[in-house]
There are 2 protein chains.
Amino acid sequence: MAGQQRADSIERRSGVSLWRQIADQVLHSIAAGDFAENAALPPEVALAERYGVNRHTVRSAIAALVQEGVLRAEQGRGTFVLSRKRLSYPIGARTRFSTGLQGQTSERHIVLLASAIEPASQRVAEGLGLAKGTEVIRLETRGEADGRPVSRAASWYEAKRFAGIDAVMTETGSITASLKRFGIDDYLRQSTVLSARHADATDLAALNLQPGAIVLVAVAVNVTPDGRPIQFSETRFPAERVELKLSAL
Amino acid sequence: MAGQQRADSIERRSGVSLWRQIADQVLHSIAAGDFAENAALPPEVALAERYGVNRHTVRSAIAALVQEGVLRAEQGRGTFVLSRKRLSYPIGARTRFSTGLQGQTSERHIVLLASAIEPASQRVAEGLGLAKGTEVIRLETRGEADGRPVSRAASWYEAKRFAGIDAVMTETGSITASLKRFGIDDYLRQSTVLSARHADATDLAALNLQPGAIVLVAVAVNVTPDGRPIQFSETRFPAERVELKLSAL
DNA sequence: ATGGATTTGTGCGTATGTATT
DNA sequence: TAATACATACGCACAAATCCA
């Protein structure tokens, strides 16, 4: 953004330590493109002065980011940015995990983390057009690209119609391929609601995130071309690694 | 979500004090609908046990949320939730601020916060199909619904073609109406990229948020029906107050 | 090769904030 | 409310690595 002056501000007694706030500011600056990749950060004394804190405090922030794999510090030379670009994840009527990321990553796949049969909750039942309490299968999956987790999804299917989809999913490693086994050759995104929130403890573990990380949440209903709901899903994307690109719905 | 066990976990030495973490967890629980509106929170001793901390620590968390206007504590009765539901903001080919929120709010309008003429930055120039450095007008606006800020947008227009749009905007209070004055009867969303991040200092001020709040960021290019770019925009939505509902693009 | 400037790394004493008992 | 332990933040000083004139 042109003509934007520095608006960093550090707040004391906020419940968040100064070093953590500074670390977050630095992450934000990197994301905003203030530092080119592999470029040097301003020296510790400069950062300390900019944020109005002691150099030790800045050092704590840098140490945390080094630990998180964002920065690399070299004695006598400086501190350097290691971070990578965000993946651009397409969201459209026919988005499929593997096809959408072509060209951005060399390797991508989905792992099945868990599955269970359970009675449909209110919102799952509504999404799938079933009565509340109808048995549904829940699949918990994680999408990875170049070895990094980029999505975590819970998806629900009517248990009667898709019995054994968990085993098929393990075998094929693809939702699209699994649905084909059940006679679903094509499906469309009927509705999608997006929100964002802090990652909860399960997100942190499944997506390998640091406390305080943000997840984008997409709740979607997928239907067959003739409009029958087949899947209700809630997908969480780590906001620091993924952006969502809307295409024709 | 059915059958979901409690997964809250508190981390020590993370740079975020325990009371702040617990406050965030409570916010999260409220957002997830664990407590009905105006319902009582579990008593302090129960919360202390759930999170594995001392009751003093829980009290600090509650005090902070009372301070932030999220909870109300009454001696001898309990602690109660004050927060409201999130607005569902439609994102589609023809989304307009005022029309999309009908039925959810009784009052809504846009305020022009600032405007400026400036040379187009790289990304603005790309979005509008102009040469970098071409003069553009930037409008900074805030959307409000029922007196609460629900969006903050920066939008750019070619200065030559839309000279004086800032004054028109002040007069009409509507982007759509302002563009009509310049002969634009219809426009479409050509591309949209969504991401999420922590609110920066300017977001906190403009949207009246607490430090650590999350904003959903939508970067969009709007075009005339024949495909000419007329507007490049970056809109920030406070994630705690707004969700985005995708409709046909 | 030398010296000075710059930058990160380390040590220590003190004060304050946080959390438990 | 008080005592205790630990984390956070500061100030000062100096060491070690790097860079450049």
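Chain letters run A, B, ... following the sequence lines, proteins first, then strands; residues in each count from 1. Quick caveat, the model's predicted, so the values are computed rather than measured.
Rounded to an integer number of Å, the gap from CG of A:L71 to P of C:dT8 is 11 Å. Regarding A:E74, its CD atom lies at a distance of 10 Å from the C1' atom of C:dT8, rounded to whole Å. In this structure, A:F80 atom CZ and D:dT18 atom P are separated by 11 Å, rounded to whole Å. Between B:R55 atom CZ and C:dT21 atom C1' there is a gap of 14 Å when expressed in whole angstrom units. Protein atom CZ of B:R20 is 18 Å distant from nucleotide atom P of C:dG17, rounded to whole Å.
The side chain of A:V53 approaches D:dC10 more closely than any other nucleotide in the set C:dT8, D:dC10, C:dT18. Taking the side chain of A:R77 as heavy atoms from C-beta on, and the options C:dT8, D:dC19, D:dC10, the nearest nucleotide is D:dC19. The listed nucleotides are D:dA9, C:dT20, C:dG9; the one nearest the side chain of A:T57 is D:dA9. Side-chain proximity of A:R59 to the nucleotides C:dA19, D:dC19, C:dG9 is greatest for C:dG9. Taking the side chain of B:W19 as heavy atoms from C-beta on, and the options C:dT21, C:dA19, D:dA9, the nearest nucleotide is C:dA19.
More than 12 non-hydrogen atoms from other residues, nucleotides or ligands lie less than 6.0 angstrom from CZ of A:R86.
Distances shown here put a side-chain N or O of A:N54 below 4.0 Å from the OP1 or OP2 atom of D:dG11. Applying the 4.0 Å criterion to OP1 and OP2 of C:dA19, one finds that B:S60 has every side-chain N and O outside that range.
Take B:E135 and apply the salt bridge (charged side-chain N to carboxylate O under 4.0 Å, His left out) test, not counting sequence neighbours, and it matches no residue.
Contact check on A:E74 versus A:R72 returns a salt bridge, with a Lys/Arg side-chain nitrogen under 4.0 Å from an Asp/Glu carboxylate oxygen.
A:H56 contributes a side-chain N or O that forms a donor-acceptor pair with the base of C:dG11 under 3.5 Å.
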